[in-house]
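In what follows, every heavy atom counts, from backbone to side chain, and hydrogens, waters and symmetry copies are set aside.
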Amino acid sequence: MYIIDRRLNPGGKSLANRQRFLRRAKAQIQRAVRQTAGDRDITDLERGGEVSIPADGVREPSFRRSGEGGVHDHILPGNKRFVEGDTVERPPGGGGGAAGGDSGEGEDDFRFVLTRDEFLDLFLDDLELPDLAKRRVATVETQGMRRAGYTVTGSPVNLALLRSMRNALSRRIAMRRPKSEDLLHLQEEIARLEEHGGPSERLTALREELEQLQLRTKRFPYIDPIDLRYRRFEPVSKPVAQAVMFCLMDVSGSMTEHMKDLAKRFYMLLYIFLTRRYKHVEIVFIRHTHEAKEVDEETFFNSPETGGTVVSSALREMQRIVEERYSPDAWNIYAAQASDGDNSPNDGTTSAALLRDVILPVCQYYAYLEVGSDSDRMQTGFINHKTSLWQTYEALLEEGANLAMRKVNHRREIYPVFRELFRRRDAEAGARVP
Amino acid sequence: MSVTLHDSLLFHGADWDFGTIQRIHDAVEAIGVGELGLDVYPNQIEVITAEQMLDAYASIGMPLFYKHWSFGKRFALHESSYRQGLMGLAYEIVINSNPCISYIMEENSATMQTLVIAHAAFGHNHFFKNNYLFKEWTDADGILDYLEFAKGYITRCEERYGHAAVERVLDAAHALMSHGVHRYPRKKRPDLRSEERRERERHLHQEQTFNDLWRTVPTKGAAAKPQLSEERRRALLELPQENILYFLEKSAPRLQPWQREILRIVRQIAQYFYPQRQTKVMNEGCATYCHYRIMTRLHETGQISDGSFLEFLQSHTNVTRQPEFDDPHYGGINPYALGFGMMQDIERICTQPTTEDRDWFPDIAGSGDAMAVLREVWANYRDESFISQFLSPHLIRQWRMFHLVDDPDQPELMIEAIHDERGYRRLRRSLSRHYDVGWSDPDIQVVDVDLAGDRRLILHHHVLNRTLLHKDDAQRVLQMVANLWGYAVVLKEVEPATGAIFQEHVAHPHETLF
């Protein structure tokens, strides 16, 4: 007999089969993923998760008898009252008892656990940032070094003094190396005794002890080669592919929680999307009423303000920040603006000019998301009633600006709109880029 | 330590190590081979984790298998129900090979490992080695090598022809798997090693003798072929043929050689598993009976403790439980329960026969040596013949079996027979028929093809009890047959007695598929 321990065999043997299955059921899983994403909190998008797909789509057919029609017979155990020739009422739902052998007939949907990566890959599958090639730096990476702990070998310049001394100290304590003041005391004591000609027994004992201690001191040096530590460096590729995302939002009183929620979902999607395309993504939150301010995320989404609405203030703020911190040569700049579309009447021209002349030229992509209230959705929205901001931007769009605009009223419209905005564009879109 | 150590115990507590496994194996072997007279292949016991067990499950219990999405699907299904706690894992998987490989899970307690070794490494192992169906149809020496070859071959095909192309052939072959076996022995016994060699040689020959020049030789135009008589044509194609995969592999005009080879691989594997499908009750019954005898004996001889024996009994009764038909847990007849019940019944008939048993089983009643009778039974029967020979009135009464008929033309269900004098033989006959694979699988045959004409392939389904095929599935599978065949295919559902046709399915090949 042989016993073989297979536990250490590499696991994940089923991975290849799993990939084949994913590929096979991709369309269904993708649909399921999108549905799941609609139901769950958007901050959870980065998590993997369970999706269920209809078993029918991945059924393996075979020639088998149908469960209906024809004569079926069953041998069953546990007769308590029947005698031969009895008749039994047909149980509701047809069929005769539970003995029908039609496996697969009533197969349920089946649940499938996706890893985080699989989930996001399917989620963002055919999306692509527009004009990715516009800034060539996007693909360039430089090599850099970064600290990565300590090592026991290295060149003298990299000697980590503090760490080495700390090691030496702990070693000396552990080995109970005599302290120099103890030795000094002992020597003094001996010298005193010698001077006074004290009891020679005690003197011999002390001398012996001193000898011992000196020997110990020699055996365990103050610093030993094994104490030495050197700083370790490892090469890393430094992403030049970096992106900054500007979130512009009107927070005046007319923006309800619902609208902010819509905007937040859109920004989250954008963020996930950017982090998967670039190694390094920064976000700048700018909120505005009649004046604009850069704020942190918490304030951005949560604190209400009142006041008039002047969109150009936010654009100016963005212009300022770009000039200060995000040179368009080194950064891929994206902006998404969420607003309910109200703008003060005399700001339209200023905004349009700012956008056309300053903002759009430095942006890879500028998306304008007009958020409506939940109850709006029956109304045909902008077709009947165009908000002042919409009219402003529409005019720009007609001039051929690289700008996208959509209106959403409900949470479930966010993803489709997002997909539409960032859909992979082919030659048709390429031609439009000046 | 306050624990009193009994020298004879194989293990204490639930922990085990390789030494324990070895001791357990030797003790089980002493009883299984020495006392019960089992005849087994050498054992190879492999310790695996739960994940690996799930893995092995997914690929029909085989240690190495080619890759296909359906195994991934099966894995996902098992994994999710296992995670939700809906399903426990099997304690063991055993492979009909020489040496006989049994997987045991690391999580099992020492008692469970003993049970698994007695069940799989001796019970199933004996059955595999001695049952006539396994001897006739499977090649325990060659199976692992053959699977290795199959896996490699299919991987190479994927590299050469692309995943999608290979997947299409495999999908079609899998759909036809249950119609890819020879039910009756043919001239040559299968030998998987030479299968593999044969393929390699044929491929080599083709490559060596390939000469592109021949393609350019002008032909004289189609020579007027003599019209084959219908009889002759069907004889040449070995028609009618119930092994659809075999027929397609040999005769489909438009398949590439590698596509034929894949059909062949799936067919060989289907054939390898065919005996298992026909002997489920006997195989599990044999293993369960053996483990029960062995564990009881281990306990009697003081090699396992009382606690350990109780733990065993709990698992044993779980496995052999048969809920009654009106129990919410009823899910058909449990092959473990039926097999074990019948084996025990045979033992009773041999050792303590009643007058009734003497009437019904004159050959074995009171023979005394139950093991000899059982070994004989294990070697020479399959489920259908086993039940029709050995299901006794005693067991029928004990199970309170009855026969229920569901005829859609009748307003109510009918009790045809119950466990009484008039019913025994009828019950036994009906139950045994349920285990006849030839009866439970729909009978579909390739009956004709017009090679000179439109090359349409004609299949017949001989309808039994007016039960037609599941329509959607039939259409899907037929589509795959058409794709493999390369021309139109028609499947007629025929009443065998009258020749009346209930239904016709037609499929035309997708030109782009192959």
Derivation and outcome, side-chain hydrogen bond (donor to acceptor under 3.5 Å, both in side chains), residues B/Gln398 and B/His419: CA-CA 9 Å; B/Gln398 196 184 328; B/His419 45 95; over 6 Å; no
Exactly one of B/His462, B/His505, B/His460 clears side-chain hydrogen bond (donor to acceptor under 3.5 Å, both in side chains) with B/Glu493, and that residue is B/His505
So, the part of B/Pro42 with a heavy atom under 4.5 Å from chain A: the answer is neither
When the 4.5 angstrom heavy-atom criterion is applied to B/Leu468 and chain A, the contacting part is backbone
Turns out that what part of B/Ile244 lies under 4.5 Å from chain A's heavy atoms comes down to side chain
The interface call for B/Leu469 against chain A, heavy-atom contacts under 4.5 Å, is both
Max heavy-atom pairs within cutoff under 4.5 Å with chain A, candidates B/Pro99, B/Ser440, B/Ala417, B/Ser178, goes to B/Ser440
Of B/Thr467, B/Asn465, B/Asp473, the largest count of non-hydrogen pairs under 4.5 angstrom with chain A goes to B/Asp473
Whatever's closer than 4.5 Å to a heavy atom in chain A on B/Gln475 counts as neither
**Asked** Is it true that B/Asp326 and A/Arg81 make a salt bridge, defined as a side-chain N closer than 4.0 Å to a carboxylate O?
**Response** no
With B/Tyr103 as partner, the option from B/Ile48, B/Ile45, B/Val47 fulfilling side chain to side chain contact (heavy atoms under 4.5 Å, CB included) is B/Ile48
Okay, B/Glu158 and chain A: the region with an atom under 4.5 Å from a heavy atom over there is side chain
Cut-off 4.5 Å, heavy atoms of chain A, and the answer for B/Ile396 is neither
Can you label the angle between the B/Trp439 ring and the B/His434 ring as parallel, tilted or perpendicular, going by 30° and 60°? perpendicular
Chain A shares the most heavy-atom pairs under 4.5 Å, among B/Arg466, B/His461, B/His403, with B/His403
Bottom line for B/Asp26: the part with an atom under 4.5 Å from chain A's heavy atoms is neither
- Query: Do B/Phe325 and B/Phe402 have their ring centres less than 6.0 Å from each other?
  - Reply: yes
If one checks every heavy atom of B/Arg428 against chain A at 4.5 Å, the contacting part turns out to be neither
Ranked by heavy-atom pairs below 4.5 Å to chain A, first place among B/Met414, B/His68, B/Gln322 goes to B/His68
Less than 6.0 angstrom separating the ring centers of B/Phe122 and B/His25, yes or no?
yes
Note: vs chain A, highest number of non-hydrogen pairs under 4.5 angstrom among B/Cys100, B/Gly423, B/Pro411 is B/Pro411
Assert top hit (heavy-atom pairs under 4.5 Å, partner chain A, pool B/Arg422, B/Glu29, B/Arg433) equals B/Arg422
Name the orientation class of the two ring planes belonging to B/His179 and A/Phe63 (parallel below 30°, tilted from 30 to 60°, perpendicular beyond 60°). perpendicular
Salt bridge between A/Lys80 and B/Glu324, side-chain N to carboxylate O under 4.0 Å?
yes
In terms of relative ring orientation, are B/Trp16 and B/Phe18 parallel, tilted or perpendicular, with 30° and 60° separating the classes? perpendicular
